[in-house]
Structure formats: structure tokens, C-alpha cells
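Because only heavy atoms are used, hydrogens play no part in the values below, and waters and symmetry mates are left out as well, while side chains stay in. We count ligands from 1, going down the list as the structure has it; atoms in each ligand are counted the same way.
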Amino acid sequence: MVSRVIPVDPFDLIIFGGTGDLARRKILPGLFRRFCSGQMPPNARIIGAARANLGQAGYQEMIRAAIAEFGAPTDVENAQLGAFLAQLNYVAIDIRGDGGWAELAAMVRKNLVNAYYFSVGPGLFGDIASRLNTWGIATPEARIVVEKPFGRDLESAKSLNAILSAQFDENQIYRIDHYLGKETVQNLMAVRFGNLLFEPLWNAQYIDHIQITVAEIVGVGGRGAYYDKSGAMRDMVQNHLMQLLCLIAMEPPSHFDPDAVRDEKLKVIRSLAKVEPHHVVRGQYDATATMPSYRDDAENPRSFTESYVAIKTHIENWRWAGVPFYLRTGKKLKARTSEIAIVFKKLPHSIFEKSSDEKQNVLSIQLQPNEGMTLDVTIKEPGPGGMRLIHVPLDMTFADALGEHSEDTPDAYERLIMDVIRGDQTLFMRGDEVEAAWKWTDPIINAWENRNDVPKIYDVGSVGPEDAMALIHRDGRRWREVK
Ligand code: NAD
């Protein structure tokens, strides 16, 4: 299949925090891959803006090292590295003061697409936003990109929205949730709304329940201090898992356009039932003979922060009445996997012998490690021996189906940055969506904090705490295998 990379318009992308971990690990290696694919035009420019006193050459060297370390470039890509680095500039800037702003103002080419990536802590968003305007840098067409976490509760999210909207219109603000940049997530919309097959079955009449799992093998590693103030609910559920839930549950938008899609997602969040306390399980991983506990990793021996959470919820509307949504996410689990499973109801009547092992159809959407979809169907076991039924997956692993073309599949960050340059907000969270999500998670978190809730312990390498198993077993259902 022939690659269909279409170059974007020339741009100046300014990365505040251009020397930081995120910029070096994700943003610049991602941009380099887009450059190699031919999507980044030769007259586009990336301007790193950070505290360090680096010159242009020093910054280029830093990014050369970052791409070697985090980008895993091929030989063909390495041959293009010099040309890519030549498109990099740098300004040493003091975000809270005056240093560097005049230089930045002189450098930005306003007749091109301008995007400002706020790859810094949220405490600096207001300083950047107001200085971009005081120094006359940002035009009404400029775009700003902000990273998670977008607040730590409804109140702080509202104040961040207020800070940004004091200087920029909502159609200029791109709030990143990198889960939305994954190929499979977009494919979920293509599968639902591009095929006749699934949508008629996509409701309480045919769907028994839905499971969303994001399991990680890693612990909190070097992020312990940050994570300990956040926990799985704020770090994963409020953003990534809720965004996935929205895409599964939303009504078909009238068009594939940013506000039509986001309007439908918002309706889902607003229809989420209040979660009963016994429908939430929090967990924290314990030490083994060889592995440290969460409390060791977080360097907080009295921490009550959860590294695992499982929730059963419902959506209160006609389509989903009575269909449970089970969400779970955790660290230091048995395997790294992100999966959405749509489990269909049992057959109303089986014409086959009772002894046949009756299984439900499951549409499984995997986001990582390999992106793809499988549909479990029942067929006859081949060969003689009567009508014996077996269950096989119809496998739609994209790498196999798309052949060579899949090599061009950009990772989530690359795709989202290119969407910013194209001015497409579909895969970015709108301010009201973020606030609605906090409004749903706040009461759950507040209840834990008010009663000093102690998380249930689980073993490193397990599938989570026992109580999380009971949460679903009580309903006569099972979690999908974490593998
Ligand atoms: P970092 O601490 O590694 O980098 C911070 C950057 O900001 C540096 O370039 C620093 O020079 C610059 N900076 C800080 N204060 C400044 C000031 N007063 N003036 C000028 N420059 C200043 O942080 P990071 O890990 O890259 O994270 C950046 C943002 O992205 C944070 O909001 C974080 O929550 C978010 N984020 C990071 C990751 C990740 O993997 N690192 C993942 C998701 C979200």
C-alpha cells in the first residue's frame, strides 16, 4: 500500500519547557519521525524555550542525544537527523520574568501557523499565556497546547480554564490526552460509525457489559513524589479511562467535526451515574521479597494513595440502561495491556446440544502493547465428530491488515501535534468536558479523603486486590484476563 503522508502547512512550533523530560522523550522524537515521513515541511521551525542557558547549537546537540536515546531511529532516519536539527532554534527564557521574551517575539514568524506547546507544570500556564499577549506574540489564530494534568479537582480545572480563556478562545486551546491520539481509539469511531454491522447492536438490548482495562507493569518509578499527590483516579481514570468510555458510549455525532464529537462525549460524562461507595475498589501494591512496595517507591511510609482502582458504573440514558461499565487501572500488575472489551449478551436460545460450551461474543479493542481488534465468534470445529462448537477470534491486528502502510502509523504524540498544526481539535478535550469529568470523580475522591480510606493491598505481579475480583464476581461476571 502506498504511503499517504500529506505535508502540513509551514509552521513555527514553540515549545515552552523544550529541554524537559516530555519534550526530550516524546515531543521532539515524535516531530523527528514526522519530519522523516515527509509530513513536516522544510520551512517549518521548532523553537525550544526553556530556562537553561543554551545556544542554538547546544539545543541541537541536546535533541540529537534525546532522539538517539528515546527515538530509536533507523539508519535511514539517522541520515536525515542533521536536516531536522537545522530546523531547531532555541531561546533561553524566564517564564516568570522578562528575560528572553523580546528575543522570542522577534523570532516567531506570524505569517505562518503558530503553535505554543506549554510543556511545563500548570503553575506556569498563566505566566506564559499573559506574557504571550503582553509581548504581542500570540495572534488570534495562534494555538496553544497544554499537557495533563489539567487540574487536580473541579475547582483547580475551572481556574486553569479561566486563566487560559482570559487570553485565548476555546478554539485556540488544545488539551492533550495522548490516549485519544492512538490509532485504535480513532478506529473505534471508524468501526462504530463507518460500518452498518456494529451500531444496531451497540445498546443495552445486545450488550451485556463493557470492561475497560489499563494495566501497567511499571510502578511509580521516579515519579513517586508527583504520583503520591495524585493517585490512579486522578492520573488515569479522570482523563484516559473516561475518554475511552465516552468514545464507546457516545451517540453518533451528526458530523465528524470537533464540536459535534465533543458535544456527544460531554453528554456521556453528564449521564454517568453517581458511583456507590461499594462499587469502587482502591488498591496499593505491597512489597515482595525482591520488589519494593508502593510506599517505598513513593518514599511515603504512611501513604494512602491508590496505585490501583476498579469502578463499576452506569450511564443513565436509554441506550445504556442496565449495562454495567467496569473500569480498572493499576500499576505493578501482571502484564502491560490496555483493552476495551464489549461483551455481548448470551444467545436467547441455543439450537445446539446443551453440552456445547456457550460463550458470548466479545469485541476486544487493544490499545497496547499491540493495537488491534478481535471479535470472538463461535464456529464449528472442523472435521468429523458431529457439531462441536469452538470459539475463535476474528483478528484485525492492524499491522497485518495494513501491511507496509502500518509502518507509517504515527504514535499518539506525533499525530496530535500534527492535528494542532492542521487546526483539528477533534481529538483534544474541551474545557467543559474536563470540568464535567472532575465533577464526576471529585465526590469519589473526596469521600476517600474525608474518611482516610486505606487502600486494599495487592501483590506486585498480580491482577489487583481481591475486592476488585469480588466487585465483578458479585454480578456473575469475570474480568477479562490480563495478559
Ligand atoms: P520537566 O521538569 O522535565 O521540564 C520542565 C521544563 O520547563 C524545563 O525545560 C525547564 O527549563 C522549563 N521551566 C521550568 N520553569 C521555568 C521557568 N520559570 N522559566 C523557563 N522555563 C522553565 O517537566 P516534564 O516532565 O517535561 O513535564 C512538563 C509538563 O508535561 C508537566 O505539566 C507534566 O505534568 C506534563 N507531562 C509530562 C509527562 C512526562 O512523561 N514527562 C507526561 C505527561 C504529562
Is the Tyr308-Tyr285 ring centre distance short of 6.0 angstrom? no
Between Trp101 and Phe16, is the gap from one ring center to the other below 6.0 Å? yes
Using side-chain hydrogen bond (donor to acceptor under 3.5 Å, both in side chains) as the criterion, list what pairs up with Gln186, not counting sequence neighbours. none
Note the single closest protein heavy atom to atom 12 (C) of ligand 1, along with its residue, its atom name and the distance in Å. Gly17 CA, 3.8 Å
Please check if the side chain of Ser293 supplies one atom and the backbone of Asp286 the other of a donor-acceptor pair under 3.5 Å. no
Any N/O pair Asp21/ligand 1 closer than 3.5 Å: yes
Before accepting this row, confirm whether a basic side-chain N of the pair Asp467/Arg282 lies closer than 4.0 Å to the acidic partner's carboxylate O. no
For atom 22 (C) of ligand 1, what is the closest protein heavy atom, and at what distance to 0.1 Å? Ile95 CD1, 3.9 Å
Of the listed options His178, Lys148, Arg96, Arg223, closest to atom 34 (O) of ligand 1 (non-hydrogen atoms): Lys148
Evaluate Ala49 for polar contact with ligand 1, using N/O atom pairs at a separation under 3.5 Å. no
Answer with side chain, backbone, both or neither: which part of Glu147 has a heavy atom less than 4.0 angstrom from an atom of ligand 1? side chain
Which residue owns the protein heavy atom closest to atom 20 (C) of ligand 1, what's the atom, and how far is it? Ile93 O, 3.2 Å
Suppose we measure from atom 14 (C) of ligand 1 to each protein heavy atom; which comes out shortest, and what is that distance? Arg51 NH2, 3.6 Å
Test Phe428 against Val420 for side-chain contact (heavy atoms from CB on, under 4.5 Å), laying out the working first. CA-CA 9 Å; Phe428 296 83; Val420 174; 3.6 Å; yes
Taking all heavy atoms of Ala138 and all of Asn133, pick out the closest pair and write down the distance. CB-OD1, 3.7 Å
Could you check whether Lys158 pairs with Glu155 (Lys NZ or Arg NE/NH1/NH2 to Asp/Glu carboxylate O, under 4.0 Å)? no
May I ask you to check whether over 12 heavy atoms, not counting those of Lys312, lie within 6.0 Å of atom NZ? yes
Within ligand 1, which atoms have a heavy atom of Pro149 less than 4.0 Å away? 34 (O)
Do the rings of Tyr413 and His178 sit parallel, tilted or perpendicular, given the 30° and 60° boundaries? parallel
N/O to N/O below 3.5 Å, does that happen between Arg25 and ligand 1? no
Counting only nitrogen or oxygen atoms and a 3.5 angstrom limit, does Tyr413 reach ligand 1? no
Which residue supplies the protein heavy atom nearest to atom 31 (C) of ligand 1, what is that atom called, and how far is it? Val120 O, 3.6 Å
Which residue and atom name correspond to the protein heavy atom nearest atom 4 (O) of ligand 1, and how close is it? Gly20 CA, 3.2 Å
Does any N or O atom in Ala52 lie less than 3.5 angstrom from one in ligand 1, N or O only? no
Ignoring hydrogens and geometry, is there a side-chain-to-backbone donor-acceptor pair from Thr184 to Asn187 under 3.5 Å? no
Determine whether any protein heavy atom is located less than 4.0 Å from atom 26 (O) of ligand 1. yes
Any nitrogen or oxygen of Leu22, main chain or side chain, under 3.5 Å from a nitrogen or oxygen of ligand 1? yes
Do any N/O atoms on Ser119 end up under 3.5 angstrom from N/O atoms on ligand 1? no
Run the numbers for me: atoms of ligand 1, each under 4.0 Å from some heavy atom of Leu124, listed by number. 14 (C), 15 (N), 16 (C)
For Thr19, atoms of ligand 1 separated by under 4.0 Å from a heavy atom: 8 (C), 9 (O), 11 (O)
Please list, chain by chain and in numerical order, all residues satisfying side-chain hydrogen bond (donor to acceptor under 3.5 Å, both in side chains) with Lys334, sequence neighbours excluded. none
